[in-house]
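Written below as structure tokens is the structure these notes are about.
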Amino acid sequence: MMTYKDFMWSFQSPQQKFTIGKVMLGGVPGENPTVLIGSIFYHNQKRIWINAVDGVFNCEEAGKLIKLQEEFTDKTGLQSMLDVIIPSGRCIEKIIDFVCSVTDSPILIDSPSVNSRVEALKYAEEVGVLERCIYNSLNPESSESEIIKVKEIGVESVVLLAYDTKDLTSNGKVKAIKKLIPKVKELKILIDTCVIDIPSLGLALKAMFNLKSEYGYPIGCGAHNAIETWRGLKTKMGAQSVNPCIAAANTITLAAGADFILYGPIENAPIVFPAVAMVNAAFSQLLIEEGKLPSKNNPIFKIG
Amino acid sequence: MASLKTSLEQKVENALLSFDSDFVFNTVKELLNEGYDPLDIVSTLSNALKIVGEKFEKGEIFLIHLVTIGEAVKRATSELLEPLIRMHGVKGRFLGKVVIGTVEGDIHDIGKNIVASMLFAAGFEVYDLGKDVPIEEFVRKVRELRPEILALSALLTTTLPIQREVIEALKREGLRDGVKIMVGGAPVTRRWAEEIGADGYGVDAMEAVMVAKNLVKSSRGL
């Protein structure tokens, strides 16, 4: 009879598992609970920003949001990280000091500006939290100097983004990552197959499976972008359709073997965590059926 | 040269809506081989891009399609049409010269690329400086190329102020009065454009083309 692995995921390569801070990700789907990554300090996060240019934010609200994600992490047994988006160089110290003071979660150092990203990483090293940081991200257009700086700072983990504007196909995503891997192969590699809208979510799923199969690195994507850029969602379908679609976009990635999901605004934790936990629990039973007991923190033992 | 027929317009539109860069490229190549005037092809592409833009507005196609089409048109124009147009010395037939780029600190260029493709297809000579462009590079290019229009893109609230800084730098260098400045990007508003002293703002790529045409007309006193 077909095994669990063969039933859905027949990978060519052994699956790699990495420990980053308190989180273990990767492996055969179901082995480790999915890692959900909520974004915070993004540029139009009105709930916390007072002045994004100068880095003035509402600490209480930001703290509540981080705790909200942690609450759902505990409730579901899923794992979590924070995608910390640094809007500008002026915010680096304030944001990193704050985040590290309220949580011990792993942190993805993210910023639309390369300089801010690198400087933030440097600061994380200075204050001794580099071990739980992940550089988010390098893409095929990243300069050699950025890659060298990232390595020199000494971060152990990096996200590779499968984004090539000249080739947006699923094959283009795979090629983009193949080009990047040799440049950072000594690091812990996480692959984001890059979603910008609904059609690209489909392509990201295919690339996700193919890359995980070939390289075995932990894989995921920012599925929420499919919803964020869906212009007709509210106008054509109605506001009540938004949350189910957020849940669907995120959970569909699990069918392609996602180890982590960048689920977008951290405010969406109460929508995404239960949906993903439910699918994790369903998949776990397939392992149990083969005599492999998931860890006691697995969603299957927590959400019922 | 043969004249363009509706069926050819249809061919271009079909090529664009195939979302296949190679197909767009080969269609343009075929049209050139059949003897069509490169400028007429540009004009046909421009009309087809308008249709594509409308489809995006209506939610009939998605961002990835728009980006793919933008890249395909950029490739076909830069590799096939532009060299021919420049070679035949028909520079005077351009509507005007545009220097475009995403400001320093900002690595987003999807929207800027679409605007650049549409401006070219609309008949502008476009110099795309790319993304994360330093202020001094904008100043240098304005001095060197003397464009009618400088188009500045920014996607982040944190990089918006750079648009103002570019305008201020042009003023300091005595270049501001010789160029019309357009600003765009997700957080840009008409109010912001007015506040920083820009001459034009387009809410999307289609409006940007219209604004650019009007700015060129007004700068020439037409």
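Protein chains get the first letters and strands the later ones, always in sequence-line order, with residue 1 at the start of each.
- When Ile198(A), Leu203(A), Thr229(A) are compared by the number of non-hydrogen pairs under 4.5 Å with chain B, Ile198(A) comes out ahead.
- Note that NZ of Lys166(A) is 7.5 Å distant from CG of Asn113(B), once rounded to the nearest 0.5 Å.
- For CD of Glu144(B), the number of neighbouring non-hydrogen atoms (other residues, nucleotides, ligands) closer than 6.0 Å is greater than 12.
- In this structure Tyr201(B) satisfies the ring pair (Phe, Tyr, Trp, His ring centres under 6.0 Å) test with no other residue, sequence neighbours excluded.
- Interface check for chain B: of the options Pro87(A), Ser113(A), Pro199(A), Ala52(A), the most heavy-atom pairs under 4.5 Å are formed by Pro199(A).
- Neither the backbone nor the side chain of Leu160(B) comes within contact range of chain A, judged by heavy atoms closer than 4.5 Å.
- Dense packing is recorded around NZ of Lys151(A), with more than 12 heavy atoms of other residues, nucleotides or ligands lying under 6.0 Å away.
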Under 3.5 Å donor-acceptor pairs involving side-chain atoms of residues 24-32 of chain B, not counting sequence neighbours:
from, atom 1, to, atom 2, distance (Å)
Asn26(B), ND2, Asp22(B), O, 3.2
Thr27(B), OG1, Phe23(B), O, 2.7

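- Under the side chain to side chain contact (heavy atoms under 4.5 Å, CB included) rule, Ile64(B) has a single partner from Asp197(A), Val195(A), Thr169(A), which is Asp197(A).
- Within 6.0 Å of CD1 on Ile252(A) lie no more than 12 heavy atoms contributed by other residues, nucleotides or ligands.
- Both the backbone and the side chain of Phe56(B) come within contact range of chain A, each with at least one heavy atom under 4.5 Å from a heavy atom of that chain.
- With a 4.5 angstrom heavy-atom cutoff, Tyr163(A) touches chain B only via side-chain atoms.
- Contact residues of residues 231-238 of chain A toward chain B are Arg231(A), Lys236(A) (heavy-atom distance under 4.5 Å).
- Proximity to chain A (any heavy atom under 4.5 Å) is shown, for Glu104(B), by neither the backbone nor the side chain.
- Checked against side-chain contact (heavy atoms from CB on, under 4.5 Å), Glu168(B) has the following partners two or more places apart in sequence or in another chain: Arg164(B), Lys171(B), Arg172(B).
- Of the two parts of Lys74(B), neither the backbone nor the side chain holds a non-hydrogen atom closer than 4.5 Å to a non-hydrogen atom of chain A.
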